[in-house]
Amino acid sequence: MEQTTILFLTNVTKQFSAHQMPAVDNVSLSLAQGELLGLLGPSGCGKTTLLRIIAGFEQPSNGMVEIAGRTVMGKGSWVPPEQRNTGMVFQDYALFPHLTIAENLGFGLQRKCNRLTKAQIEQRIAEVLLLVGLSGLEKRYPHELSGGQQQRVALARALAPQPALILLDEPLSNLDVQVRQYLRHEIRHILKAAGTSAIFVTHDQEEALAISDKIGVMRQGKLEQIGTPEEIYTQPASQFVAEFVTQANFLPAKRNGDLWQTEIGVWKIPVARELKQLDAGELMIRQEDIKLKPDETSTVAICDRQFLGREYRYCLETSSGKRLHVRTTTNTQLPIGMRVKLSVSPEAAQIFPSTSKKQPISLIS
């Protein structure tokens with residue numbers, strides 16, 4: 001069955017000043033009913049500005065925004081935020097401290113659904129509190145709840161009017177690590193149970209991978225790549241995506257036929273037909289795909305080791321001073337100073353052109 005498209009962005013651009021680079025640069029994307037899209041990128045990449053444009057808090061310099069089949073920006077149209085049929089979840093929750101949880105939810109319902117009776121509002125409040133797992137806390141005030149509970153109240157308030165689209169601006173950034181990990185699952189479960197489409201902004205790679213159906217990776221205002229979490233992780237479209245999402249290692253490499261020479265060894269890599277003329281590139285190896293073996297003849301040595309509970313993270317140094325990082329299980333315990341040989345399956349690596357951000361070349365033809 002074909003899914004309904006809830007959101008269309010077409011060539012959306014936002015430039016705050018003529019003397020500055022665009023904060024959002026010609027971004028186009030679509031979102032289907034019930035899909036969860038994570039906007040991922042470093043600080044200043046434009047992801048929050050893009051979210052604010054969709055919400056109506058920022059007016060773009062160019063482009064069109066369509067929500068649930070209605071043009072809310074573009075072609076002479078401008079619909080204010082309160083009329084866009086969206087719900088917003090802010091980083092700092094933005095709950096009214098002097099109102100109970102039920103009153104916080106009721107305030108939003110009364111403003112957006114002014115035709116509801118008191119009984120209907122009370123029923124909807126009970127439904128969304130049940131959905132977010134906070135039934136029985138209706139009479140409490142925000143300060144009587146934990147940070148995780150307050151964030152679920154903020155999500156419940158956004159869901160209560162049954163908007164076409166929920167927008168979340170770094171919703172977990174103010175929470176401690178354990179609560180964040182728990183709420184990743186909870187937020188995805190709640191949104192999927194509600195059947196609501198959502199876009200959330202984050203700079204946390206694991207958060208984006210855990211919650212999203214699709215991830216859009218942004219850099220300097222541009223949408224660098226959009227795809228499923230699996231596609232983004234295993235088939236990064238640029239060296240930036242690979243570095244930011246997977247924290248992969250990169251080694252300069254020179255080609256000689258099917259062989260690629262790096263300072264740590266020679267790799268037999270078939271080259272894609274369209275890049276037969278490529279003589280030099282960057283060999284990408286993810287940290288978890290490297291296997292280490294003690295070898296006194298190697299030019300690579302362990303310079304640091306971190307214990308991370310379920311794994312070790314090794315820092316290696318090559319003879320040229322290049323630093324590489326490797327993650328292994330705790331079954332592999334090697335001392336600092338040991339010389340090691342690296343081995344990687346060709347299927348687990350990729351070659352990128354040294355000066356290009358084009359589609360990467362698979363190591364397997």
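We're numbering straight along the sequence, starting at 1. What you see below is based on every heavy atom in this structure, not just the backbone, and it leaves out hydrogens, waters and symmetry mates.
Side-chain contact between L155 and V128: absent, with no pair of heavy atoms (C-beta onward) separated by less than 4.5 Å. Between L95 and R157, the closest side-chain pair of non-hydrogen atoms falls below 4.5 Å. Looking at Y314 and V340, their side chains never come closer than 4.5 Å, going by heavy atoms from C-beta outward. The shortest distance between side-chain heavy atoms of L137 and L129 does not fall below 4.5 Å. I351 has its side chain within reach of L278: a pair of non-hydrogen atoms, C-beta onward, lies under 4.5 Å apart. L40 places none of its side-chain heavy atoms less than 4.5 Å from the side chain of L209. Using a 4.5 Å cut-off on side-chain heavy atoms (C-beta onward), Q239 and E282 make contact. The side-chain heavy atoms of L29 and L7, taken from C-beta on, include a pair separated by under 4.5 Å.
Scanning both residues, L223 and M218, for their nearest heavy atoms gives CD1-CG, 4.0 Å. The two residues P81 and G56 make their nearest non-hydrogen contact at CG-O, 3.4 Å. Looking at every heavy atom in both residues, L36 comes nearest to R188 through CD1-NH1, 3.7 Å. Residues V89 and P171 approach most closely at CG1-CB, 4.5 Å, considering heavy atoms. Closest heavy-atom contact between F244 and Q205: O-NE2, 2.5 Å. Looking at every heavy atom in both residues, I54 comes nearest to R84 through O-NH1, 2.9 Å.
Crowding of Q59 atom CD: a count of heavy atoms from other residues, nucleotides or ligands under 6.0 Å exceeding 12. In this structure, K254 places its NZ atom where only 12 or fewer heavy-atom neighbours from other residues, nucleotides or ligands lie under 6.0 Å away. Enclosure of atom CG in D176 by more than 12 non-hydrogen atoms of other residues, nucleotides or ligands within 6.0 angstrom is indicated. Counting non-hydrogen atoms of neighbouring residues, nucleotides and ligands closer than 6.0 angstrom, the NE2 atom of H189 reaches no more than 12 such neighbours. More than 12 heavy atoms of other residues, nucleotides or ligands shown are found within 6.0 angstrom of CD on E263.
By the rule that hydrophobic residues join a cluster once side-chain heavy atoms approach within less than 4.5 Å of another member, L167 and F57 end up as members of one cluster. L165 and F8 fall into different hydrophobic clusters, defined by Ile, Leu, Val, Met, Phe, Trp and Tyr side-chain heavy atoms under 4.5 Å apart, directly or through other members. Both V79 and V65 are part of a single hydrophobic cluster, where members link through side-chain heavy atoms under 4.5 Å apart. Both V344 and L251 belong to a single network of hydrophobic side chains, linked directly or stepwise wherever heavy atoms of I, L, V, M, F, W or Y lie under 4.5 Å apart. A continuous path of Ile, Leu, Val, Met, Phe, Trp and Tyr side chains, each step under 4.5 Å between heavy atoms, connects L134 with Y182, placing both in one hydrophobic cluster.
The backbone N or O of Q91 sits nowhere less than 3.5 Å from a side-chain atom of D169 that would complete a donor-acceptor pair. Remark: the backbone N or O of F200 is not paired with any side-chain donor or acceptor of K47 at under 3.5 angstrom. R180 places no side-chain N or O within donor-acceptor distance of the main-chain N or O of L175, the cut-off being under 3.5 Å. No side-chain donor-acceptor contact under 3.5 Å links Q15 to the backbone of S61. Under a 3.5 Å cut-off, the side chain of Y93 and the backbone N or O of P142 do not form any donor-acceptor pair. Of the possible polar contacts, none joining the T299 side chain to the T318 backbone as a donor-acceptor pair under 3.5 Å is found. Under a 3.5 Å cut-off, the side chain of Q149 and the backbone N or O of G147 do not form any donor-acceptor pair. With hydrogens and angles ignored, the 3.5 Å screen pairs a side-chain donor or acceptor of S197 with a backbone N or O of G34. A donor-acceptor pair under 3.5 Å links the side-chain atoms of Q225 to the main chain of Q235, judged by distance alone. In this structure, the side chain of E231 engages the main chain of T228 through a donor-acceptor pair within 3.5 Å.
Using a cut-off of 4.0 Å between Lys/Arg side-chain N and Asp/Glu carboxylate O, R323 and D304 are scored as not salt-bridged. For the pair D25 and R219, the salt-bridge criterion is not met [side-chain N within less than 4.0 Å of a carboxylate O].
Looking at residues two or more places apart in sequence or on another chain, you find a side-chain hydrogen bond (donor to acceptor under 3.5 Å, both in side chains) between T202 and E207.
For the side chain to side chain contact (heavy atoms under 4.5 Å, CB included) with L342, the qualifying choice from T262, L324, N249 is L324, the only one to do so. Exactly one of T100, V153, L145 qualifies for a side chain to side chain contact (heavy atoms under 4.5 Å, CB included) with R140. That residue is L145. A side chain to side chain contact (heavy atoms under 4.5 Å, CB included) with Y312 holds for exactly one of T329, L292, T330; it is T330.
Taken from CD1 in I67 to CG in L9, the straight-line distance is 8.5 Å, to the nearest 0.5 Å. Note that CD of E186 is 11.0 Å distant from CG of L191, once rounded to the nearest 0.5 Å. To the nearest 0.5 Å, atom CG of residue L172 and atom CD of residue Q181 are 10.5 Å apart. Interatomic distance, NZ of K222 versus CZ of F240, reported as 13.5 Å (0.5 Å rounding). The distance from atom NZ of K322 to atom CD of E317, rounded to the nearest 0.5 Å, is 11.5 Å. Rounded to the nearest 0.5 angstrom, I125 CD1 and Q120 CD are separated by 12.0 Å.
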Original post:
Where do L159 and I190 land on the side chain to side chain contact (heavy atoms under 4.5 Å, CB included) test, with the steps shown first?
Top reply: CA-CA 10 Å; L159 286 167; I190 290 166; 3.6 Å; yes
Original post:
What do the steps show when you test E58 against I53 for side chain to side chain contact (heavy atoms under 4.5 Å, CB included), and what is the final call?
Top reply: CA-CA 5 Å; E58 296 283 356; I53 288 171; 3.9 Å; yes
Subject >> side chain to side chain contact (heavy atoms under 4.5 Å, CB included) between V201 and R52, intermediate numbers included >> reply: CA-CA 11 Å; V201 161; R52 290 175 60 83; over 6 Å; no
Original post:
Going through the distances and angles, do T71 and E66 end up as a side chain to side chain contact (heavy atoms under 4.5 Å, CB included)?
Top reply: CA-CA 4 Å; T71 299; E66 184 179 296; 4.0 Å; yes
